[in-house]
Structures are given as structure tokens and as C-alpha cells.
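I have placed the structure first, in the form of C-alpha cells, so that the comments after it can refer back to it.
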Amino acid sequence: VVGREPSSPDRPAGRIATEPSDGRIAAHRLVRRVFNCRGTRRLPGELLRCEGQAACGDADADWAFEAARVVHAFWRDVFGRDSIDGRGMELVASVHYGKQFDNAFWDGAQMVYGDGDGIVIAGYTSSLDVIAHELTHGVVHSEGGLHYEGEPGALSESIADVFGSLVKQWHARQTVDEADWLIGAELFTENVFALGLRSLRSPGHAYDDPALGGHDPQVAHARDFVAKRRDHGAVHINSGIPNVAFFRFARWADRRGARRGTSGTMRCGRGCIRGAGFRRSRRRRLQRRGRMERGRWMRCMMRGSRSA
């Protein structure tokens with residue numbers, strides 16, 4: 001769901017830095033706020049915790065608060081981006097939205113977390129990749145957005161999945177081989193047979209349980225593209241095509257980096273993505289190479305990941 005950022009006098013923008021004299025974009029201080037909807041659907045709710053305060057004791061609120069810091073740090077340290085909108089946007093979240101609400105979403109201005117039913121869904125705030133996925137929708141939206149329907153909608157979902165997984169890998173300092181490439185591995189209870197919500201490595205194999213509607217319906221090849229009206233043109237099903245394309249690109253980059261003696265490709269840590277030539281000290285020389293490799297990834301996605 002995408003909406004406008006509501007204006008309110010009690011919601012400071014958190015943009016306290018000034019532009020430096022050399023013309024670079026200033027990084028603004030991280031500002032987070034977490035609210036409690038107390039089972040209602042009125043946003044944002046009652047303030048539970050804001051920047052500079054200790055843990056409030058509400059597990060969901062504290063998890064959401066910490067996850068916002070991790071996602072903010074990823075975009076800042078890896079891509080030099082100043083918060084979600086690139087202009088120091090404060091990160092606002094509301095927990096305990098609705099009665100057993102089975103979703104977490106970015107509404108165009110803030111994160112919203114339901115509690116789930118406790119039977120199938122354990123909760124939404126414990127999955128860092130799910131939170132990073134939703135906040136990436138905010139990044140895409142701030143950059144002009146993609147029409148959330150059909151193929152562009154599936155690409156939007158895939159971009160969110162990719163960065164959701166990368167945030168988790170960056171936080172855990174994992175390599176391609178160490179990562180599970182799952183979205184929502186912590187999402188479900190033990191009552192269902194599910195590895196996660198989606199798998200970037202093997203679309204269509206994340207779960208198989210009647211409680212989730214049966215077998216994971218995601219597709220991994222353009223020849224299996226699903227055309228239907230539900231789910232905005234099956235955006236969550238067809239996103240498996242560019243998802244597996246990115247996974248294969250990452251694996252290819254890892255093998256290529258190993259051959260060149262830069263093992264640990266796509267390992268995210270200490271402010272850089274290592275391997276495949278991504279190092280701070282070599283950034284200028286490799287900007288052209290980075291553009292070429294991004295082009296290779298995009299061509300792979302456009303072919304529907306026909307290459308193995």
C-alpha cells in the first residue's frame with residue numbers, strides 16, 4: 001500500500017544536518033519512533049519509544065526499533081543513502097495493528113506491523129528481511145516507483161526481496177554460500193511446514209502446507225509466467241523470475257571473485273560489499289565495471305533467467 005506521508009506537528013522530520021560547503025549531500029541523524037495501535041487500525045497510535053530512549057519492554061516495538069537501525073545503516077554504509085528517501089526521512093513504525101492482522105507493510109510514510117494469528121504466523125517484527133523488504137518499497141517509491149501491476153509490479157517485489165535478503169546477509173556478515181536466501185524464515189510457527197515465505201535460490205520451494213494454501217506457487221522461469229488479475233497480476237508469484245536471476249548473478253560474481261583472489265563476494269560488512277571488485281580503495285577504477293555488471297544482471301532478468 002502506498003500513500004502520502006501525513007503531515008503532523010508532532011512528527012519532526014529529523015533533518016538536522018546542514019549542507020556541507022563542498023556540495024556533498026549531508027547525512028542526517030537517524031530518528032526513529034515506534035507507536036502502539038493497541039489492536040486498532042488507527043495510525044500511528046500511542047508513542048512507545050523514540051530515538052535515544054532505552055528499550056520499552058514491548059518485544060515487537062523493540063524489535064521494530066532495532067530493525068529500523070539496521071536497515072538505515074545498510075543503506076547509509078553500503079550505498080551512501082541518507083535514509084529511505086535519500087533526504088534523512090525519519091523511520092516511523094506502528095506495532096499491534098488490528099486484531100490478529102496478518103501482514104506487515106509500508107504505507108508510503110511508515111511501517112505497519114500486525115501481530116498475526118499466533119497459529120500460522122508467529123509475528124512480523126522478528127524477520128529482519130521482511131522489514132527490509134517493506135522499507136525497500138519505500139526506497140523504490142521515493143525514486144519514482146514502479147507501476148504495481150503485472151511485470152513492473154513483480155520487478156518491484158523482486159527488488160524488495162533482493163535488498164531484504166542483502167540487508168540480512170550484511171547484518172550477519174554472510175557470503176553467498178552462507179546465506180539461506182530465504183525471505184521470512186522466522187515468520188511462521190512450528191505448526192506449518194515452511195522454510196520461509198519465499199526463496200530466492202529456489203522459487204516455488206519455500207513452503208508446502210494446506211494452512212498456506214498448499215504448495216509455494218512462485219515461478220522461476222519466464223516460460224511459466226502467470227497472467228491473472230489477482231494479486232495485482234500475480235506480482236508475488238512472478239517475482240521469483242528476477243529473484244532467481246539475482247541469486248545466480250550473485251553466485252556467478254562469487255565464483256568470479258574467488259578466481260580473482262577476492263573470495264567472499266557479496267559479503268556485506270564494515271561498510272562495503274567485498275568481492276567482485278567492490279572495495280572502497282578501488283571504487284573509482286571499478287565504477288565502469290560496476291555499471292557493466294549491473295547491465296549484465298538486468299539483461300539476465302530480462303531474459304527470464306534462462307541462463308543457469
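This structure is a prediction, so every number in the text was calculated from the model and none was measured.
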Quiz item: Does a side-chain heavy-atom distance below 4.5 Å link F188 with D209?
Solution: no
Practice problem: Step by step, work out the side-chain contact (heavy atoms from CB on, under 4.5 Å) result for W181 and V176. | Solution: CA-CA 8 Å; W181 294 96; V176 169; 4.2 Å; yes
Self-check item: Check: S165 main-chain N/O paired with D129 side-chain donor or acceptor under 3.5 Å
Solution: no
Quiz item: In terms of side-chain geometry, is the basic nitrogen of K168 or E186 positioned less than 4.0 Å from the acidic oxygen of its partner?
Solution: no
Quiz item: Between the main-chain N or O of F65 and the side-chain N or O of R32, is there a donor-acceptor pair closer than 3.5 Å?
Solution: yes
Self-check item: Partner of H72 by side chain to side chain contact (heavy atoms under 4.5 Å, CB included), out of L91, D77, I84
Solution: L91
Quiz item: Is there a donor-acceptor pair closer than 3.5 Å between any side-chain N or O of S127 and the backbone N or O of G184?
Solution: no
Quiz item: Nearest 0.5 Å, what's the CG-CG distance between L187 and D102?
Solution: 9.0 Å
Self-check item: ILVMFWY cluster, V235 and L146 together (side-chain gap under 4.5 Å)
Solution: no
Self-check item: Pair H137, H141: side-chain N/O donor-acceptor within cut-off below 3.5 Å
Solution: no
Self-check item: L30 reachable from L48 in the ILVMFWY side-chain graph, under 4.5 Å edges
Solution: yes
Quiz item: Should L197 and F247 be regarded as members of a common hydrophobic cluster, given that ILVMFWY residues are connected when their side-chain heavy atoms come within less than 4.5 Å of each other, either directly or indirectly?
Solution: yes
Quiz item: Shortest non-hydrogen contact from L212 to A194?
Solution: CD1-CB, 3.9 Å
Self-check item: Residue that, paired with C37, satisfies side chain to side chain contact (heavy atoms under 4.5 Å, CB included) out of V112, L43, D115
Solution: L43
Quiz item: Should D208 and D216 count as side-chain neighbours, where that means a heavy-atom distance under 4.5 Å?
Solution: no
Quiz item: Do the side chain of S94 and the main chain of P44 share a donor and acceptor less than 3.5 angstrom apart?
Solution: yes
Exercise. Could you tell me whether a side-chain N or O of T136 sits under 3.5 Å from a main-chain N or O of A132, the two making a donor and an acceptor?
Key: yes
Practice problem: May I ask you to test the T189-I119 pair for a side-chain heavy-atom distance under 4.5 Å? | Solution: no
Practice problem: To the nearest 0.5 Å, tell me how far Q53 CD sits from L47 CG. | Solution: 6.5 Å
Exercise. Mind listing the closest non-hydrogen atom pair of P203 and Q218 along with its distance?
Key: CB-OE1, 3.6 Å
Practice problem: Give the minimum heavy-atom separation between A93 and Q110, together with the two atoms involved. | Solution: C-NE2, 3.9 Å
Exercise. Examine the side chains of S158 and N243 and answer whether a donor and an acceptor come within less than 3.5 Å of each other.
Key: yes
Quiz item: Should the pair D58-R49 be classified as a salt bridge under the 4.0 Å nitrogen-to-oxygen rule?
Solution: no
Quiz item: How far apart are the C-alpha atoms of V92 and F35, what are their side-chain angles, what is the distance that settles it, and do they pass the side-chain contact (heavy atoms from CB on, under 4.5 Å) test?
Solution: CA-CA 8 Å; V92 177; F35 295 81; 3.7 Å; yes
Quiz prompt | Heavy-atom pair with the smallest gap, counting every atom of L182 and S199 | solution = CD2-CB, 3.7 Å
Quiz item: What about I121 and W63, same hydrophobic cluster or not, with Ile/Leu/Val/Met/Phe/Trp/Tyr joined at side-chain heavy-atom distances under 4.5 Å?
Solution: no
Quiz item: Between the main-chain N or O of V139 and the side-chain N or O of S142, is there a donor-acceptor pair closer than 3.5 Å?
Solution: yes
Practice problem: Decide yes or no on side-chain contact (heavy atoms from CB on, under 4.5 Å) for Y207 and V192, but give the supporting numbers first. | Solution: CA-CA 9 Å; Y207 59 82; V192 295; over 6 Å; no
Self-check item: Heavy-atom check, side chain of N191 versus side chain of V120, under 4.5 Å
Solution: no
Quiz prompt | Verdict with supporting geometry, W106 and H133, side-chain contact (heavy atoms from CB on, under 4.5 Å) | solution = CA-CA 9 Å; W106 170 260; H133 168 106; over 6 Å; no
Quiz prompt | N/O donor-acceptor pair under 3.5 Å between H221 side chain and R223 backbone | solution = yes
Exercise. Taking all heavy atoms of E149 and all of G233, pick out the closest pair and write down the distance.
Key: OE2-N, 3.7 Å
Quiz item: Got more than 12 heavy atoms from elsewhere within 6.0 Å of CH2, W75?
Solution: yes
Practice problem: Starting at CZ of R230, measure out to NE2 of H236 and round the result to the nearest 0.5 Å. | Solution: 13.5 Å
Quiz item: Does a side-chain heavy-atom distance below 4.5 Å link V167 with L135?
Solution: no
Quiz item: Do the rings of Y97 and F101 sit parallel, tilted or perpendicular, given the 30° and 60° boundaries?
Solution: perpendicular
Exercise. Check whether any side-chain heavy atom of D60 lies under 4.5 Å from a side-chain heavy atom of Y113, and answer yes or no.
Key: no
Self-check item: Donor-acceptor contact present, side-chain Y124 to main-chain I131, <3.5 Å
Solution: no
Practice problem: To the nearest 0.5 Å, tell me how far Q174 CD sits from L166 CG. | Solution: 11.0 Å
Quiz item: Does the side chain of C56 reach to within under 4.5 Å of the side chain of D62, using non-hydrogen atoms?
Solution: yes
Exercise. Any chance you could measure D161, atom CG, to E157, atom CD, to the nearest 0.5 Å?
Key: 6.5 Å
Practice problem: Please confirm whether the backbone N or O of H28 pairs with a side-chain atom of D82, one donor and one acceptor, at under 3.5 Å? | Solution: yes
Practice problem: Treat each ILVMFWY residue as a node, draw an edge where side-chain heavy atoms are under 4.5 Å apart, and state whether W252 and L200 are in one component. | Solution: yes
Exercise. For H96 and N36, test the side chains for any donor-to-acceptor distance below 3.5 angstrom and give the result as yes or no.
Key: no
Quiz item: If you look at every heavy atom in I241 and A222, which pair is closest and at what distance?
Solution: CD1-CA, 3.8 Å
Quiz item: Taking the six-membered ring for Trp, are F74 and F79 ring centroids under 6.0 Å apart?
Solution: yes
Quiz item: Any side-chain heavy atom of F163 within less than 4.5 Å of one from V140?
Solution: no
Quiz prompt | Pairwise distance CD(E134) to CG(N103) - rounded to 0.5 angstrom | solution = 6.5 Å
